[in-house]
Amino acid sequence: MPKVSIVVPVYNMEKYLDRCVKSIQAQTLQDIEIILVDDGGKDRSVQMCDEYAAADSRIKVLHKPNGGLTSAWKAGSRIATGEYTGYIDSDDFIEREMYERLYERAVQENADIACCGLKHFYEAKDHEEWTEQMEFPQDVFSVEQLRDKMFPVLINNGSFMGRSLQPNRVTKLVRTSLVQKNLSLCDDRVDVGEDFQFSLCMFLDADKVVILKDYFPYYYWMNNTSMTMKYDEHYIERIKRLKENLERISDQKNVFDFKPQITNDFLCLTVLEVKGSIYKRKGTAYRILRKDLVKICTDDVVVKALKEADMPGLSAAEKLFLFFMKYHFYFLIYLAVRVYFR
């Protein structure tokens with residue numbers, strides 16, 4: 001049994017894959033297995049995966065039909081044999097000591113999950129990198145402390161996008177038995193916030209969690225393609241699927257009622273979509289934008305969330321924007337976004 005299995009979903013990433021794999025091979029923790037999951041790629045990354053496996057006995061390759069990111073990391077997780085499992089996306093890369101530090105801390109505390117932070121690293125040179133981590137006053141949580149201190153603010157702490165849980169699967173090292181136990185609860189169809197369902201399952205079943213604070217060894221690569229501003233007319237349906245599955249997980253685990261927090265988070269994502277539907281289409285006429293605003297603000301799930309959401313930490317401007325949405329003041333929504341992003 002290797003100490004750590006590292007699962008890498010790969011889909012048409014020939015440009016970045018070598019950097020990713022080399023950063024894993026260079027880990028100071030050498031007792032690892034590397035699982036490259038080819039998710040039905042069409043470029044040279046398929047061949048590259050096989051070449052890596054031929055040259056390094058620690059590397060396994062799993063070729064599968066294209067099924068999306070969630071299906072890929074789940075497929076790799078099923079064949080993981082390490083004591084713990086971690087994840088890296090194939091356009092990202094990591095520092096040499098990442099998994100040694102996470103593993104040692106997990107073993108030291110006998111923890112089910114060890115967490116670190118990440119750096120957003122941009123291909124475009126005019127963007128500055130920034131860091132992200134879980135913000136909690138302590139770095140070790142027992143099961144009792146998880147339920148008393150973390151769960152009440154895990155998904156939303158009462159502020160706008162107030163997620164205390166950093167949902168990224170790539171910043172977590174998780175006991176493999178815990179991962180494999182929960183794979184069936186992670187829905188392949190969820191393609192917005194898909195990591196949230198993974199992290200929620202892990203935290204609800206964990207007996208102990210450790211956080212390596214102010215440690216950012218993971219480089220989350222923001223390439224030009226991922227930065228493209230493109231309006232998605234189906235986005236509301238996609239975040240509704242996320243909401244439904246998070247509620248299903250909360251119900252099935254039955255250790256804490258997360259539904260109010262899930263509603264808050266869904267409404268925050270909806271607000272971002274309302275703003276994005278206007279901002280991302282600067283040259284579009286108001287009459288066209290209004291149709292999309294009507295579609296969003298009259299959606300039954302959105303209407304219910306506007307009634308039920310409870311976020312006392314919102315600013316006056318945020319409360320006013322929700323008021324506009326709730327009472328269908330579409331032109332005021334339009335003006336507010338145009339003025340703010342002018």
Side-chain angles (χ1 to χ4, degrees), residues 67-71 73-75 77-78 85 87 111-113 115 134 136 141-169 171-172 174-209 234-273 299-313:
L69 179 60
T70 299
S71 75
W73 67 252
K74 284 170 61 176
S77 301
R78 290 190 187 98
T85 297
Y87 301 89
D112 292 312
I113 307 172
C115 309
M134 292 184 65
F136 281 101
F141 288 85
S142 66
V143 64
E144 294 82 8
Q145 291 169 326
L146 283 168
R147 295 180 184 183
D148 293 343
K149 296 183 179 181
M150 189 180 283
F151 288 178
V153 293
L154 190 68
I155 297 176
N156 182 271
N157 62 10
S159 64
F160 187 78
M161 290 306 296
R163 293 175 172 180
S164 298
L165 172 61
Q166 185 196 46
N168 308 76
R169 120 191 78 80
T171 58
K172 317 285 187 299
V174 185
R175 199 178 300 276
T176 300
S177 58
L178 193 63
V179 173
Q180 294 176 339
K181 168 186 173 183
N182 281 287
L183 292 177
S184 63
L185 285 176
C186 296
D187 191 336
D188 293 359
R189 298 170 301 167
V190 175
D191 56 2
V192 170
E194 60 272 7
D195 282 355
F196 221 131
Q197 54 184 352
F198 167 84
S199 294
L200 183 60
C201 286
M202 301 305 117
F203 274 74
L204 295 191
D205 279 355
D207 288 329
K208 201 171 196 180
V209 174
H234 303 295
Y235 187 79
I236 286 296
E237 296 305 316
R238 296 168 70 191
I239 62 174
K240 283 163 64 175
R241 282 199 298 271
L242 172 63
K243 178 178 184 291
E244 290 167 4
N245 204 45
L246 293 179
E247 290 175 341
R248 180 169 69 96
I249 292 168
S250 177
D251 286 342
Q252 185 157 332
K253 297 297 184 183
N254 197 29
V255 296
F256 190 90
D257 182 13
F258 286 100
K259 285 186 177 179
Q261 294 183 55
I262 294 170
T263 295
N264 289 349
D265 188 73
F266 169 76
L267 188 56
C268 292
L269 292 175
T270 303
V271 169
L272 294 178
E273 169 58 6
D299 182 277
D300 290 343
V301 179
V302 175
V303 170
K304 190 171 185 287
L306 284 165
K307 291 179 180 178
E308 296 180 353
D310 180 20
M311 290 182 278

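Just so you know, residue 1 is the first one in the sequence shown, and it goes up from there.
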[X] [atom1] to [Y] [atom2] distance, which is reported to the nearest 0.5 Å:
{"X": "L204", "Y": "F256", "atom1": "CG", "atom2": "CZ", "result": "10.0 Å"}
{"X": "L183", "Y": "R78", "atom1": "CG", "atom2": "CZ", "result": "5.5 Å"}
{"X": "D195", "Y": "T70", "atom1": "CG", "atom2": "OG1", "result": "7.0 Å"}
{"X": "M161", "Y": "N264", "atom1": "CE", "atom2": "CG", "result": "11.0 Å"}
{"X": "R248", "Y": "K253", "atom1": "CZ", "atom2": "NZ", "result": "10.5 Å"}
{"X": "N254", "Y": "I249", "atom1": "CG", "atom2": "CD1", "result": "14.0 Å"}

With sequence neighbours left out, which residue pairs that include part of residues 149-163 fulfil the salt bridge (Lys or Arg N to Asp or Glu O under 4.0 Å) condition?
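Non-adjacent pairs meeting salt bridge (Lys or Arg N to Asp or Glu O under 4.0 Å): R163-D265.
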For ring-ring contact (aromatic ring centres under 6.0 Å, His included), just list the numbers for F258 and F151, CA-CA rounded to whole Å, side-chain angles, deciding distance to a tenth of an Å, and then say yes or no.
CA-CA 8 Å; F258 286 100; F151 288 178; 5.5 Å; yes
Does CD belonging to Q252 count more than 12 external heavy atoms closer than 6.0 Å?
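Open.
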For R189, does the CZ atom have more than 12 heavy-atom neighbours from other residues, nucleotides or ligands under 6.0 Å away?
no
Please examine the side chains of [Y] and [X], heavy atoms only from C-beta on, and report whether any two atoms are closer than 4.5 Å.
{"X": "R238", "Y": "E273", "value": "no"}
{"X": "T85", "Y": "V174", "value": "no"}
{"X": "L269", "Y": "K240", "value": "no"}

Given side-chain contact (heavy atoms from CB on, under 4.5 Å), test T263 with K243 step by step and report yes or no.
CA-CA 8 Å; T263 295; K243 178 178 184 291; 4.1 Å; yes
Verify side-chain contact (heavy atoms from CB on, under 4.5 Å) between L267 and L306, making sure each step is shown before the conclusion.
CA-CA 7 Å; L267 188 56; L306 284 165; 3.7 Å; yes
Where [X] and [Y] come nearest, the two heavy atoms and their spacing:
{"X": "L185", "Y": "Q197", "answer": "O-OE1, 4.0 Å"}
{"X": "C186", "Y": "W73", "answer": "SG-CH2, 3.8 Å"}
{"X": "A206", "Y": "V143", "answer": "O-CG2, 3.9 Å"}
{"X": "S159", "Y": "M311", "answer": "O-SD, 3.8 Å"}
{"X": "Q261", "Y": "V153", "answer": "OE1-C, 3.5 Å"}
{"X": "L200", "Y": "L165", "answer": "N-CD2, 4.3 Å"}

May I ask you to decide if [Y]'s main-chain N or O and [X]'s side chain share a donor-acceptor pair within less than 3.5 Å?
{"X": "Q180", "Y": "S77", "value": "yes"}
{"X": "K172", "Y": "N168", "value": "yes"}
{"X": "S250", "Y": "L246", "value": "no"}
{"X": "N156", "Y": "I262", "value": "no"}

F160: partners by ring pair (Phe, Tyr, Trp, His ring centres under 6.0 Å), with sequence neighbours left out
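Checked F160 against ring pair (Phe, Tyr, Trp, His ring centres under 6.0 Å); zero matches.
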Report the C-alpha distance between F203 and C115 in whole Å, list the side-chain angles of each, state the deciding distance to 0.1 Å, and finish with yes or no for side-chain contact (heavy atoms from CB on, under 4.5 Å).
CA-CA 11 Å; F203 274 74; C115 309; 3.9 Å; yes
Quick one: salt bridge (Lys or Arg N to Asp or Glu O under 4.0 Å) partners of R175, sequence neighbours excluded?
D112
Going through the checks in order, is the side-chain contact (heavy atoms from CB on, under 4.5 Å) test met by Q145 and F136?
CA-CA 12 Å; Q145 291 169 326; F136 281 101; over 6 Å; no
Do the charged groups of R241 and D187 touch, with an N to O distance under 4.0 Å?
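Here R241 does not pair with D187 in a salt bridge, since their nearest N and O are not under 4.0 Å apart.
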Is the NZ or CZ atom of R169 both under 6.0 Å from the centre of the six-membered ring of F198 and within 45° of that ring's axis?
no
